[in-house]
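First up is the structure itself, then whatever we jot down about it.
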Amino acid sequence: MQIVILKNAAEVAAYGADIFTQQLARNPGSVLGLATGSTPVALYQELIRRNQAGTVSFSKAKTFNLDEYLGLNGEHPQSYRYFMNEQLFNHIDINKENTHVPPGDAKNPIEACKEYEARISAAGGIDVQLLGIGRNGHIGFNEPSSGLTSRTRVKTLTKATIDDNARFFAADEYQPHLSITMGIGTILDARKVVLLATGENKADAVHAMIEGPLTAACPASALQMHRHAVIVLDEGAASKLKDIEFYKHIEAENQKLQEYLASL
Ligand SMILES: N[C@@H]1[C@@H](O)[C@H](O)[C@@H](COP(=O)(O)O)O[C@@H]1O
C-alpha cells in the first residue's frame with residue numbers, strides 16, 4: 001500500500017484529481033471506477049473545474065460506479081445514479097452512455113449483478129478505482145463479513161451504515177436496506193485502487209485497514225492484498241496510525257525516487 005498523508009481534505013481532493021487527470025492523459029479511453037459519499041465530492045469538483053478549463057477530457061472515458069441502493073431508480077434524488085449525474089456527469093464532456101451505475105430498479109437484481117460484471121469485463125476491466133471508506137471499514141457496500149473474493153451482488157446494509165447515511169434522507173423518506181455492490185474481488189481486479197479518507201471519524205477504520213489484520217471484519221483491509229493501492233489521507237483520518245512517521249518517511253523517499261527517474 002502506498003500511504004499518502006496530506007494536511008487537509010482540499011489537498012486530498014487535489015491529489016486524487018491528479019491521479020485521474022494523469023490516467024486520462026496517458027489513456028483518454030480509460031475505464032474509471034467511481035464512488036459516491038461525501039468524500040469524493042471535492043475531487044469531482046476539481047475534475048469539473050479542470051474539464052471546463054480544458055486540461056482533462058472524459059469524452060472517450062468509460063465509468064463504472066461501485067454501488068447503488070436496491071429499490072431506487074436513477075431519478076430518485078437519493079439514488080447514486082442521480083448523485084453521479086448531479087455531482088459529476090452533468091458538468092463534464094462524458095458521453096452518458098459510457099457511464100454505468102448498478103441498476104437499483106432492476107427487475108431481476110441477481111441477473112443485473114452478473115450483467116454488471118460482464119460489462120466491466122467487456123470494457124477491458126477497470127484502470128483506476130476510486131474508493132471511500134465507511135466508519136465500519138466497508139468499501140462500496142461490502143459490509144463487515146463480506147467475502148474477500150466476492151463479486152457484484154445484492155448486499156444487506158448494516159444498521160451502522162443505514163444510520164450513517166440517514167443524513168441524506170428526509171425523516172419520512174423510504175431508506176433502502178439493500179444494495180447492489182461490486183464485490184471485494186471485483187474491486188481488487190482494478191489495475192489501480194485509490195482510497196480517499198478525510199476526518200477523524202474515519203481514523204479507526206483507517207487504522208484497521210492499514211495496520212490491522214487482513215480480515216472480512218474490515219473489508220477495506222483487503223486492499224493489503226492489492227498490488228497498486230494508494231491510500232490518500234488527511235491528518236485527521238491518519239491520526240490513529242501507529243507508524244505515521246514511517247509512512248511519511250517512505251513517501252518522501254518515494255518522491256525522491258520519482259524525481260530521479262524523471263531526470264533520467
Ligand atoms: N456506499 C458508500 C461508500 O462507497 C462510501 O465510501 C461510504 C462513505 O461515505 P462518506 O464519504 O460520505 O463518509 O458511504 C457509502 O456507504
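Note that ligands are numbered from 1 as they come in the structure, with each ligand's atoms numbered from 1 the same way. Since we're looking at a predicted model, the values are computed, not measured. For reference, positions follow the sequence shown, starting with 1.
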Please give the N or O to N or O pairs under 3.5 Å between ligand 1 and the protein, distances rounded to 0.1 Å.
residue: ligand 1; atom: 1 (N); partner: D67; partner atom: OD2; Å: 2.8
residue: ligand 1; atom: 1 (N); partner: G140; partner atom: O; Å: 3.2
residue: ligand 1; atom: 6 (O); partner: I133; partner atom: N; Å: 3.4
residue: ligand 1; atom: 11 (O); partner: S38; partner atom: N; Å: 3.3
residue: ligand 1; atom: 11 (O); partner: T39; partner atom: N; Å: 3.0
residue: ligand 1; atom: 11 (O); partner: T39; partner atom: OG1; Å: 2.5
residue: ligand 1; atom: 12 (O); partner: S38; partner atom: N; Å: 2.7
residue: ligand 1; atom: 12 (O); partner: S38; partner atom: OG; Å: 2.6
residue: ligand 1; atom: 12 (O); partner: R167; partner atom: NH2; Å: 3.1
residue: ligand 1; atom: 13 (O); partner: K202; partner atom: NZ; Å: 2.6
residue: ligand 1; atom: 16 (O); partner: H138; partner atom: NE2; Å: 3.0
residue: ligand 1; atom: 16 (O); partner: N165; partner atom: ND2; Å: 3.3

(request) Any salt bridge (charged side-chain N to carboxylate O under 4.0 Å, His left out) involving residues 237-249? Give me the pairs, sequence neighbours left out, ordered by first then second residue. (result) D204-K240, E235-K248
(request) Could I get the full list of side-chain contact (heavy atoms from CB on, under 4.5 Å) partners for R151, not counting sequence neighbours? (result) E117, T186, D189
(request) Look up atom CG in N254 and atom CD1 in I3, then write down how far apart they are to the nearest 0.5 Å. (result) 11.5 Å
(message) Assess, by modelled atom type and distance only, whether the side chains of E143 and N136 contain a donor and an acceptor separated by less than 3.5 Å.
(response) yes
(request) Answer with yes or no after comparing the ring centroid distance for Y116 and F64 against a 6.0 Å cut-off, counting only values under it. (result) yes
(request) Apply ring pair (Phe, Tyr, Trp, His ring centres under 6.0 Å) to F83 and list each qualifying residue two or more places apart in sequence or on a separate chain. (result) none
